[in-house]
Amino acid sequence: MFVDLDIENCSVLLCGEATRTERVALKFAQATEVLRFNRVEDMRAPGTPVGLVVLCVSDEREAQKWRAAVLSSGIGAPSIVDTEVPAESQGEVFLIGAGPGDPGLMTRHALEVLSQADVVLLDHLAPYQDLPRWAPHAEIIDVGKIPGKHRVPQREIDQLMVRYALQGKKVARLKGGDPYVFGRGAEELYVCEKEGIPVKVFSGVTSSISLPAMAGVPLTLRGVSHMFTVVSAHQKLTDSELDQLSGLLKDGGTVSILMGVKTLPHTIAGLLERGVRPDMPMVTVQDGFRAHQREYFSTVGTCLENYDQLKPPAVTTIGNVCAAVGENREELMGKAFETH
Ligand code: SAH
């Protein structure tokens with residue numbers, strides 16, 4: 001609301017409660033000086049000319065109190081007195097898990113908040129085809145694009161999110177899968193929190209479970225696997241991580257690996273070295289829920305034979321449960337029913 005005012009050569013006075021004035025201060029980075037008054041008794045005219053007095057208040061009673069203080073402070077006529085956006089039209093951020101790519105796996109909550117959004121910041125891997133229909137009023141910004149192979153840096157995404165929210169907009173941050181599974185959801189929430197921006201988090205269906213499921217593999221199965229781990233292999237796994245994963249697999253658990261295509265040879269060598277059976281079944285689902293989805297069933301011992309065909313994004317699931325598909329299915333399901 002203040003964007004057209006020339007405030008470069010003057011002071012801006014922000015009046016009101018500390019958290020409000022702090023948030024509003026971000027809008028006036030260009031002003032010569034930004035003074036904040038959190039108590040009416042501290043109100044005074046500064047040395048530089050005052051271009052703007054902003055009342056950062058939530059109701060009319062508080063506004064009247066501050067107007068009176070401004071008038072009696074001797075600031076003089078040229079000042080403009082305005083009010084900060086009322087609480088109900090303040091911006092906010094929705095951190096939305098959009099699922100692994102199939103629009104059918106978006107939650108009803110996700111669709112409902114998208115319909116209210118003014119801006120959508122779209123992530124790599126989030127479903128996007130129907131966005132103009134889901135978010136009919138929104139400006140849609142694809143921050144997951146890979147211009148010249150580089151995605152928009154996280155810092156810029158954070159800045160965009162904050163800037164729009166401080167302009168009073170409802171910002172939908174649409175993320176693939178679940179925002180709290182390797183989705184930087186908690187970090188983005190923290191960035192907003194520091195700016196006093198309210199955030200709501202909407203869980204989504206994570207690829208770590210839904211991609212193997214799509215291929216017919218349950219991560220747990222009675223009598224076979226009663227634990228699973230989701231691991232990021234964006235960086236090569238450490239010796240200690242490989243020790244733990246091998247232990248888990250040997251105890252019958254299941255491991256789902258995300259961001260692990262590049263490092264797969266290292267991961268597999270590490271598991272075999274630690275005594276994981278070469279005939280341990282596994283599946284990699286590539287481009288899940290896309291038209292070109294591919295499923296590669298193999299074993300720990302054979303999975304690298306066709307490694308050159310494998311391309312990210314993909315989720316690799318290792319564990320006895322992967323025999324739920326294939327010739328050993330009867331035997332595996334037999335185990336599940338033995339314990340009934
Ligand atoms: N928050 C997401 C994960 C983000 S990390 C979630 O909960 O699913 C990105 C990684 O997720 C990719 O490298 C890949 O390993 C996996 N992934 C997510 N969606 C995928 C898809 N549709 N197909 C294949 N892999 C996917």
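Both counts, for ligands and for their atoms, begin at 1 and track the order of listing. Side chains included, hydrogens not; waters and symmetry mates left out as well; all remaining heavy atoms used. Sequential numbering from 1 along the given sequence is applied to the chain's residues.
- Judged purely by atom type and a 3.5 angstrom limit, Thr302 has no side-chain atom pairing as donor or acceptor with the backbone of Ser298.
- Protein heavy atom at the shortest distance from atom 13 (O) of ligand 1 is Met259 CG, 3.2 Å.
- In terms of polar-atom proximity, defined here as any N/O pair under 3.5 Å, Gly176 does make such a contact with ligand 1.
- Between Trp134 and Met106, the shortest heavy-atom distance links the atoms CZ3-CE, 3.9 Å.
- For Pro100, the heavy-atom gap to ligand 1 drops under 4.0 angstrom.
- Considering backbone and side-chain atoms together, Asp178 places an N or O closer than 3.5 Å to an N or O of ligand 1.
- Ligand 1 has at least one atom lying under 4.0 Å from a heavy atom of Arg290.
- Atoms of ligand 1 lying under 4.0 Å from at least one heavy atom of Leu258, given by number and element, are 3 (C), 11 (O), 15 (O), 16 (C).
- Within the listing of ligand 1, atoms 6 (C), 7 (O), 8 (O) sit less than 4.0 angstrom from a heavy atom of Thr206.
- Contacts of Gln293 with ligand 1, taken as heavy-atom pairs under 4.0 Å, are absent altogether.
- Scanning for side-chain hydrogen bond (donor to acceptor under 3.5 Å, both in side chains) contacts around Gln159 gives an empty result, with sequence neighbours left out.
- For atom 23 (N) of ligand 1, the closest non-hydrogen atom of the protein is Gly288 N, 2.8 Å.
- Within the 4.0 Å heavy-atom criterion, the part of Leu211 lying near ligand 1 is the side chain and not the backbone.
- Polar contact check, Gln286 against ligand 1: no nitrogen or oxygen pair lies under 3.5 Å apart.
- When each of Ser208, Ser210, Ser203 is tested with Thr206 by the rule side chain to side chain donor-acceptor pair (under 3.5 Å), just one qualifies, namely Ser208.
- Scanning both residues, Val321 and Thr220, for their nearest heavy atoms gives CG1-C, 4.3 Å.
- The closest protein non-hydrogen atom to atom 14 (C) of ligand 1 is Ala314 O, 3.5 Å.
- The backbone N or O of Leu219 sits less than 3.5 Å from a side-chain atom of Ser225, completing a donor-acceptor pair.
- Side-chain N/O atoms of Glu156 and Gln154 include no donor and acceptor closer than 3.5 Å.
- The single protein non-hydrogen atom nearest to atom 18 (C) of ligand 1 is Ser207 OG, 3.2 Å, given as residue, atom name and distance.
- Heavy-atom contacts of Asp287 reach the following atoms of ligand 1: 23 (N), 24 (C) (cutoff under 4.0 Å).
- Side-chain N or O atoms of Glu241 include one that pairs as donor or acceptor with a backbone N or O of Thr238 at under 3.5 Å.
- When every heavy atom of Leu55 is checked against every heavy atom of Arg67, the shortest pair comes out as CD1-CG, 3.8 Å.
- Closest to atom 4 (C) of ligand 1 among all protein heavy atoms lies Phe182 O, 3.5 Å.
- Using modelled atom types, one side-chain atom of Asp178 and one backbone atom of Gly204 make a donor-acceptor pair closer than 3.5 Å.
- Given atom 1 (N) of ligand 1, the protein heavy atom at minimum distance is Val181 O, 2.7 Å.
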